[in-house]
Amino acid sequence: MDKNEIAVILNEIGAILDLLGENRFKVIAYQNAARTLENLQEDLGQLIQQERLGEIRGFGPHIQEKVVALYKTGKLRYYDELKKSIPVGLIDLLRIPSLGPKKVRMLWTDLQVESVEDLKDRCEKGLVAKLGGFGEKTQEKILEGIGNLATYRGYFFWIEAWNSAQPILELLKKSPLVDKAEVGGSVRRKKEVIRDIDLLCSTEKPEAVMKLFIGSPGVQKVINHGETKSSVMLGSGIQCDLRCVNKDQYPFALTYFTGSKEHNIVLRQRAIDRGLKLNEYGLFPVKGAPQKSLKCNEEEELYRKLGLHYIEPEMREDTGEIAAAETGALPHLVAWKDIRGTFHCHTTASDGADTLEAMGEAARKLGWEYLGIADHSKSSVIANGLDEKRLLAQIKQIGELNQRWKGQNFRLFAGSEVDVMINGSLDFPDEILAQLECVVASVHSGLGGDEAKNTARVIKAISNPCVTILGHPTGRLLLSREGMKLDMNAVLEAAAETKTVVELNCTPSRMDLDWRHWKSATRAGVLCAINPDAHATAELEQVRMGVGIARKGWLTPATILNTRKLAEVEKFLRAPKSKRILGKP
DNA sequence: GCCGTTTTCGGCCCGACTGTTTTCAGTCG
């Protein structure tokens with residue numbers, strides 16, 4: 001069993017223990033262990049073999065024993081026994097807003113609810129409202145929650161949240177009542193998928209701002225409405241929360257509401273270690289009479305007072321950033337202004353919406369120096385993939401356009417998004433690929449397969465001296481399809497070895513390679529290309545979010561090909577693959 | 001269930017809001 005499958009089981013164990021009314025810190029211990037596994041960079045098998053599992057924080061003897069059993073046998077008696085103790089359908093009930101472990105347990109013991117269907121039935125019969133601690137309103141809320149389970153998938157791509165948040169944020173910023181307003185939470189941290197939008201503002205008149213907020217355009221329903229905190233449901237189906245604080249509290253609240261929860265817990269612990277108490281309103285001395293908060297004008301000052309260098313929001317996931325901030329070892333993250341061009345773009349020749357020329361002009365408008373064209377190859381029939389003849393014609397056309405832009409510090413690179421066949425060979429013969437400047441090799445079909453087979457397939461493809469970039473390495477589609485099972489460490493090592501660039505595909509539903517892998521990719525010496533996989537001129541903008549994901553992966557300009565100047569990229573692509581320099585040239 | 005140079009036992013981040021209660025538990029982030 002792999003680490004992600006084990007993480008799912010640990011999470012489930014946590015949920016069941018929670019429902020059984022176990023000590024909540026025991027529950028948290030399992031949830032933390034699951035999260036640690038999901039983010040684990042090192043190979044789990046190796047850690048187990050070298051008996052180093054205990055070195056991981058939060059992995060005590062009991063959890064170690066369970067992880068090892070699951071890894072080696074895929075079975076765990078403790079888990080099987082636990083599953084017998086409650087109906088499995090109860091876990092689903094925890095996804096309904098207003099229902100936590102205590103209430104779910106009551107529904108089960110008092111009303112024999114064992115599934116969402118059962119719960120709907122009991123609500124419709126009015127039985128839930130009669131239960132102690134419940135009431136009419138709770139029953140209504142539950143019914144509504146059940147309806148939403150079906151309507152909304154509960155998670156959204158980052159860009160959907162960003163677009164939903166903008167009109168409200170603009171309204172708040174324009175209001176004379178509001179001093180400052182910002183989006184916090186996972187949207188600010190640039191998580192690839194988000195659950196809700198957290199807005200924060202500084203004001204002296206919170207109640208008036210709350211009224212403004214709940215009446216904002218796009219608000220479909222008011223969920224909560226308090227003096228300093230309100231929640232609404234937007235037309236997009238995304239829940240949006242707003243918190244109001246005053247000017248002095250703002251930096252503390254911004255840090256608090258940016259999270260992540262795990263990052264905050266570490267910050268609070270650091271405060272305690274220094275005889276302080278940290279919350280969303282300030283940083284307070286604990287000893288003696290109640291005192292005023294220490295003053296901080298910016299988040300930077302707050303971090304400094306906790307003995308840390310400033311940590312960019314994207315890095316606040318408790319995956320090593322605190323230790324790095326202690327010693328000043330944080331990387332200087334890539335920014336949008338560092339980007340000088342991109343690769344992997346489609347045109348009307350295959351399944352794109354805009355012409356070669358329009359794509360080039362759009363890239364120039366962004367101030368870029370180059371754009372790599374990579375239309376589909378012939379096997380991608382549905383995407384109108386190019387055959388050899390059409391590809392050669394496109395190369396010629398690109399040459400003509402480059403003549404027109406000569407001397408203007410801009411050019412197109414001729415390329416192809418060539419399909420990787422099931423055996424790892426490519427959709428075009430080498431003599432055709434050799435005529436291209438930038439070849440993106442992507443797997444589009446046969447994503448099932450077992451890990452060893454998939455890994456061999458990808459490694460064979462990138463070992464081809466004509467392949468410049470490995471496109472969307474896993475082929476995952478966020479919120480709908482798992483990616484290929486791959487031995488990622490082996491793929492990344494092979495990429496570094498063969499001098500193949502690895503793509504960070506920033507289509508909102510892909511964000512592939514995942515940010516969690518980039519730290520180890522960089523360690524292996526891999527060079528990244530942030531590519532939009534644009535099928536229209538407007539989609540070139542996807543690189544903005546790609547930069548956000550790159551920042552989550554701790555990437556610096558030196559580790560990204562498309563921060564290089566045109567002349568440097570030309571030199572890189574012209575050189576024989578084995579002679580290319582992946583590190584800073 | 002995990003953790004520890006103030007601790008091997010007794011902690012484990014902290015506050016707003018709701019709905020149900022007559023002062024607070026549960027949920028949420």
Side-chain angles (χ1 to χ4, degrees), chain A residues 10 13-14 16-34 36 53-67 78 82 93-107 128-142 145 184-189 191 194-200 206 210 222-232 239-245 249 252-253 255-273 275-284 286 306 318:
Chain A
L10 292 182
I13 290 174
I16 297 172
L17 292 174
D18 209 359
L19 288 168
L20 291 173
E22 260 286 3
N23 178 323
R24 73 186 181 94
F25 295 105
K26 186 168 168 180
V27 173
I28 290 171
Y30 277 100
Q31 291 169 341
N32 282 344
T36 304
L53 213 50
E55 291 172 15
I56 304 174
R57 206 182 151 73
F59 277 52
H62 292 89
I63 286 181
Q64 280 178 56
E65 187 192 326
K66 293 179 175 83
V67 169
Y78 173 74
L82 217 47
L93 300 188
L94 292 171
R95 287 172 52 218
I96 299 168
S98 81
L99 287 187
K102 302 270 172 18
K103 284 191 170 158
V104 168
R105 194 174 154 74
M106 261 182 98
L107 289 166
V128 172
K130 295 197 183 104
L131 216 52
F134 289 74
E136 287 292 341
K137 283 201 172 177
T138 307
Q139 180 171 279
E140 253 173 61
K141 215 170 179 177
I142 290 172
S186 48
V187 178
R188 183 166 183 237
R189 298 202 315 280
K191 278 290 282 285
I194 64 101
R195 267 192 102 90
D196 63 3
I197 299 164
D198 294 294
L199 298 176
L200 177 70
M210 282 301 154
V222 178
I223 300 167
N224 292 331
H225 180 196
E227 286 173 27
T228 62
K229 178 186 172 180
S230 295
S231 302
V232 299
Q239 183 175 326
C240 180
D241 302 343
L242 173 67
R243 281 291 284 261
C244 288
V245 294
Q249 296 164 337
F252 301 99
T255 301
Y256 183 91
F257 289 111
T258 296
S260 64
K261 193 176 86 188
E262 292 79 11
H263 179 88
N264 284 350
I265 289 172
V266 182
L267 290 188
R268 281 166 185 243
Q269 192 55 51
R270 286 186 77 87
I272 293 169
D273 295 344
L276 301 164
K277 187 181 81 166
L278 176 65
N279 61 24
E280 61 262 59
Y281 304 117
L283 187 60
F284 302 91
V286 173
L306 296 175
D318 190 24

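Just so it is clear: chains get the letters A, B, ... in the order the sequence lines come, proteins before strands, and each one is counted from 1.
At the heavy-atom level, A:S231 lies nowhere under 4.0 Å from the strands shown. A:E280 comes within 4.0 angstrom of sugar-phosphate atoms only, judged by non-hydrogen atoms across all strands, and of no base. Among the protein residues, A:I96 comes within range of the sugar-phosphate backbone only, with heavy atoms under 4.0 Å from sugar or phosphate atoms but none that close to a base.
Side-chain atoms of A:Y256 and base atoms of B:dG15 include no donor and acceptor less than 3.5 Å apart. Side-chain N/O atoms of A:N23 and base N/O atoms of B:dG1 include a donor-acceptor pair closer than 3.5 Å.
Here the P atom of nucleotide B:dG15 and the CD atom of A:Q249 are 12 Å apart, to the nearest Å. Separating the CZ atom of A:R57 from the C1' atom of B:dG4 is a distance of 10 Å, rounded to the nearest angstrom. The CZ-C1' distance, from A:R95 to B:dT27, rounds to 17 Å in whole Å. With rounding to whole Å, A:I223 atom CD1 is found 13 Å from B:dT18 atom C1'. The interatomic distance linking A:F134 (CZ) with B:dG19 (C1') rounds to 11 Å, in whole Å. Residue A:I265 contributes atom CD1, which lies 15 Å from atom P of B:dG29 at whole-angstrom precision. Distance, A:I142 CD1 to B:dT20 C1': 13 Å, rounded to whole Å.
For B:dA16 and B:dG11, the P atoms lie 24 Å apart once the distance is rounded to whole Å. Here the separation of B:dT20 from B:dG15, taken at their P atoms, is 26 Å to the nearest Å. B:dC13 sits 12 Å from B:dG29 when the C1' atoms are compared, rounded to a whole Å. With both ends at atom C1', the span from B:dT21 to B:dC14 equals 23 Å, rounded to whole Å. When the C1' atom is used for both B:dT7 and B:dC2, the distance is 14 Å, rounded to whole Å. Atom name C1', nucleotides B:dT8 and B:dG1: the rounded distance is 15 Å, in whole Å.
Of the possible donor and acceptor atoms, none in the side chain of A:E22 sits under 3.5 Å from a partner among the backbone N and O of A:L17. Counting only distance, with no hydrogens or angles, the side chain of A:S260 and the backbone of A:H263 share a donor-acceptor pair below 3.5 Å.
Closest approach of A:L200 to A:F257, counting heavy atoms only: CD1-CD1, 4.0 Å. Minimum heavy-atom separation, A:G100 to A:L94: C-CD2, 3.7 Å.
A search for side chain to side chain donor-acceptor pair (under 3.5 Å) contacts involving A:K277 returns nothing, not counting sequence neighbours.
Sequence order on DNA chain B of the closest nucleotides to A:A129 and A:L99 puts A:A129 first from the 5' end.
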